[in-house]
Amino acid sequence: MNKKIIIRTLEKIAVYMEIKGENPFKVSAFRKAAQALELDQRSLDEIENVTKLKGIGKGTGEVIADLIATGKSSVLEELQEEVPKGLIPLLKLPGMGGKKIAKLYKELGIDSAEALKQACLDHEIQKLPGFGPKSEDKILKELTDFESKPGRHPIWKTEEAVKFVEEILGAIEGISEFSVAGSYRRTKETSKDLDFIIATSDPKTVKEKLLAALPVQETIASGDTKVSVTVEFQDMIDIDFRLVAPEEFITALHHFTGSKDHNVRMRQLAKSQNKKISEYGVEQPDGSIATFTSEADFYAHFGMPFIPPSVREDGREIDRLEELPNLVALEDITADMHMHTTWSDGAHSLPEMVEAVRSKGYSYMAITDHSQYLKVANGLTPERLLQQNAEIRELNKKYSDFDILSGTEMDILPDGSLDFDDEVLGQLDFVIASIHSSFQQPRDQIMERILTAMKNPLVDMIAHPTGRIVGQRDGYDPDVEQLLDWAKEYGKIVELNASPYRLDLAVEYLEMAQEKGVPVAINTDAHAAEQLEVMAIGVKHAQKAWLKKDNVVNTWPLERLRAFIKK
DNA sequence: GCCGTTTTCGGCCCGACTGTTTTCAGTCG
């Protein structure tokens, strides 16, 4: 029995129970059991007794035993007989929960999206107690929108929307402080919507000005402290604004940064100290409300170190506080080892890029323009590469406190060969190998290509190892575990490409790399000087995988890197 | 359904907004 199947089954049971109108705590018990299983790193065989896990007891334990023994769950099968299948997707409609769906089924016999739509058109819905004309209109609208609305937005899209909103907020008088919150602040690679916290003592005026300044397509909710709108900025995107008093800003920011699981853990912790956390402050045992001037103070109030937003995810971060000081941070970064200049497809010249990197306070860098195969990117022939190499060596003489590594981002060709021969590669300081073509090849062939690069002792790093674009394409689907095993065997670095388009490797693979002891380089792959800034995003993405400073090669001094790549 | 070094029963994170009511249930994050 596959662990994933058990997790899905428990979640499915929760969904059916929700529609059946079961006790909400019972429903959440099944969700918690699924989560307990998911968060446990061990495989099913390695877990001796599942009921020993916190959150799994007699009832959920029996479901799991049933699944292992028979491959099926009698609990789920019974639920499926009682609850029509067509009701399940209705839970995804905004504003629809188990209770409303159950009522529609019981009172009107509605058992599918089609039946629901017809009932709206026949004006049957508004006759039900608890429903009215507005509910009917809303359901009909949500049913129509359901197909067309985009799901989650990739970070490279939300990034621009965030900047746009920040500009608007910065120009509104009466706002003392504001910040983006939510999954974007936690550097999740995709977000369902955007959240902003606004501190003001005049919420009414600020709200009016804000709504006037935004390209609002639809107002979802508009209360005294909370405004939810759909805004048309490139795509349609939902944005929540919370307006709070200035002294409440930090607790509100923490609350709406989440994650939900992180907040639950924090509230439980507060409760054990006879305190109560809400977005407005921390209620003390004597009833007074404490507020804070920084999130660090907020955590310190509970005797905890500051927990960066990037690691506030499944709640387990609260159990890993002693690891926080070793997490890689932006201040630890000493180098950027993947970037392009006007020699290939970059926007800035070699000296311009060098100056830009130096001004970031790093101590070394690598210039890695594309290789000849990539004609669309003006890839360098061996002649041009060696000419650039000479120029870099000359430029290096200018700096006593800074080193420029002469490198290349060399293509691994579709036929599995490398774009430069060893004689050329041997003259370089840092060699990156990348796949930019023939993504559709079968996995075996892709892996063969990667293996060629791995086996070449002159190759130092594999860049953007899966070729994915966040929210847009999956890449060339390598067997990442195998890739990492090879990297370990052949002493290669794997890249965390910090571009928000890529964030490649993804978090789960970075965790795997660290576990296997494969060093990671966080690189910007900058094609222009301003793109060097994405290092900050890359570092936060690395934090999500709990990468330690020592595992990240571009926190190392140059000598240690040289020793590792044997150059 | 799960949990317990104040508990084997009585809680389970907490508050806002909407649409329906005429004081509140349902949903959401």
Side-chain angles (χ1 to χ4, degrees), chain A residues 10 13-14 17-36 50-64 75 90-104 125-139 142 181-186 191-197 203 207 219-229 238-244 248 251-252 254-283 289 312 315 318:
Chain A
L10 289 167
I13 290 172
M17 283 180 166
E18 205 172 350
I19 293 179
K20 217 190 128 196
E22 279 283 7
N23 174 354
F25 294 111
K26 186 173 169 181
V27 175
S28 101
F30 276 84
R31 295 219 162 92
K32 276 182 193 157
Q35 204 189 18
V50 283
T51 58
K52 287 238 168 73
L53 291 182
K54 197 168 144 64
I56 299 180
K58 193 166 163 286
T60 48
E62 271 170 20
V63 170
I64 296 169
V75 174
L90 300 185
L91 268 178
K92 290 218 174 73
L93 293 174
M96 292 293 272
K99 294 200 171 144
K100 283 190 186 173
I101 292 171
K103 197 172 204 176
L104 290 168
I125 306 291
Q126 53 174 296
K127 293 178 193 159
L128 279 183
F131 290 79
K134 281 193 175 173
S135 307
E136 194 173 273
D137 288 348
K138 186 167 191 291
I139 292 171
E142 296 296 352
S183 55
Y184 180 86
R185 183 160 180 255
R186 302 199 312 275
S191 297
K192 192 163 81 58
D193 56 15
L194 292 177
D195 301 275
F196 286 89
I197 311 302
K207 180 180 148 183
T219 305
I220 302 159
S222 179
D224 295 336
T225 67
K226 180 184 167 183
V227 184
S228 294
V229 289
D238 290 347
I239 310 182
D240 284 352
F241 296 95
R242 306 292 299 221
L243 300 110
V244 298
E248 296 161 349
T251 40
H254 175 266
H255 177 88
F256 291 104
T257 296
S259 69
K260 201 175 148 87
D261 289 334
H262 177 81
N263 287 352
V264 168
R265 283 295 303 269
M266 286 303 295
R267 281 166 185 219
Q268 287 167 342
L269 189 95
K271 210 169 168 179
S272 73
Q273 301 179 4
N274 283 319
K275 295 168 184 166
K276 199 166 80 176
I277 299 177
S278 82
E279 51 262 58
Y280 303 114
V282 179
E283 192 182 316
I289 307 286
R312 301 177 199 167
I318 311 260

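Values reported hereafter were calculated over all heavy atoms of this structure, with side chains retained and with hydrogens, waters and symmetry mates removed. Residue numbering restarts at 1 for every chain, and letters A, B, ... go by the order of the sequence lines.
Taking both residues in full, the closest heavy atoms of A:A252 and A:V244 are given as CB-CG1, 3.9 Å, listed atom of the first, atom of the second, then distance. The two atoms that bring A:L269 and A:S272 nearest to each other are O-OG, 2.6 Å, heavy atoms only.
In this structure, CG on A:L104 lies 6.0 Å from CD1 on A:I139, to the nearest 0.5 angstrom. Here the CD1-CD distance, from A:I197 to A:E248, works out to 11.0 Å after rounding to the nearest 0.5 Å.
When the C1' atom is used for both B:dC17 and B:dT23, the distance is 16 Å, rounded to whole Å. Atom C1' of B:dG19 sits at a distance of 28 Å from the matching atom of B:dC12, rounded to the whole Å. Distance check on atom C1': B:dC14 versus B:dC9 gives 23 Å, rounded to whole Å. A gap of 24 Å separates the P atoms of B:dA16 and B:dT21, to the nearest Å. With both ends at atom C1', the span from B:dG1 to B:dT5 equals 24 Å, rounded to whole Å. Between the P atoms of B:dT6 and B:dC2, the separation comes to 24 Å (whole Å). As rounded to the nearest Å, B:dT8 and B:dC13 have C1' atoms that lie 23 Å from one another.
Looking at A:K32 and A:T60, their side chains never bring a donor and an acceptor atom within 3.5 Å of each other.
Rounded to whole Å, atom C1' of B:dG19 lies 14 Å from atom CG of A:L128. Between the CD1 atom of A:I64 and the C1' atom of B:dC2 there is a distance of 13 Å, given to the nearest Å. Straight-line distance from the CE atom of A:M17 to the C1' atom of B:dG1: 8 Å, rounded to whole Å. Whole-Å rounding puts the A:D137 CG to B:dT20 C1' distance at 14 Å. We find that NZ of A:K92 is positioned 13 Å from P of B:dC28, with the value rounded to whole Å. Computed from coordinates, the A:I13 CD1 to B:dG1 P distance equals 11 Å when rounded to whole Å.
Tested against A:D193, the residues A:I220, A:V229, A:D238 include a single side-chain contact (heavy atoms from CB on, under 4.5 Å) partner, A:D238.
Across the interface with DNA chain B, nearest-nucleotide mapping of A:V27 and A:D193 shows A:V27 to be the residue nearer the 5′ end. Mapping A:N274 and A:K54 onto DNA chain B by nearest heavy atom places A:K54 closer to the 5' end of the strand.
Nucleotide B:dT8 has no partner under the Watson-Crick or G-U criteria, as no pair reaches both atom distances under 3.5 Å.
Distances shorter than 4.0 Å separate some side-chain N or O of A:T60 from OP1 or OP2 on B:dC2.
Under a 4.0 Å N-O distance rule, the pair A:R31/A:E18 qualifies as a salt bridge.
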Per-nucleotide protein contact string for nucleotides 9-18 of chain B, where B marks a base within reach and S marks sugar-phosphate only (heavy atoms under 4.0 Å, - for neither): ---BBBSSSS
Sugar-phosphate or base contact per nucleotide [nucleotides 22-27 of chain B; S, B, -; heavy atom under 4.0 Å]: ----SS
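The nucleotide whose nearest atom lies closest to any side-chain atom of A:S135 is, among B:dC3, B:dG19, B:dC2, B:dG19.
A syn orientation is assigned to B:dT7, its glycosidic angle lying within 90° of 0.
Two residues are said to be in side-chain contact when any heavy atoms from C-beta on lie closer than 4.5 Å; A:I289 and A:E283 meet this criterion. Looking at heavy atoms from C-beta onward, A:N263 lies out of side-chain contact with A:R312 at the 4.5 angstrom threshold.
Using a 4.0 Å heavy-atom distance criterion, A:K192 is classed as a sugar-phosphate-only contact. Across all strands shown, A:L53 has heavy atoms under 4.0 Å from sugar-phosphate atoms exclusively, and none from any base. When heavy atoms are screened at a 4.0 angstrom cut-off, A:F256 is found touching no nucleic acid atom at all.
A distance-only check finds no donor-acceptor pair linking the side chain of A:R185 to the backbone of A:T257 [under 3.5 Å]. Side-chain atoms of A:K207 do not come within 3.5 Å of backbone N or O of A:F241 as any donor-acceptor pair.
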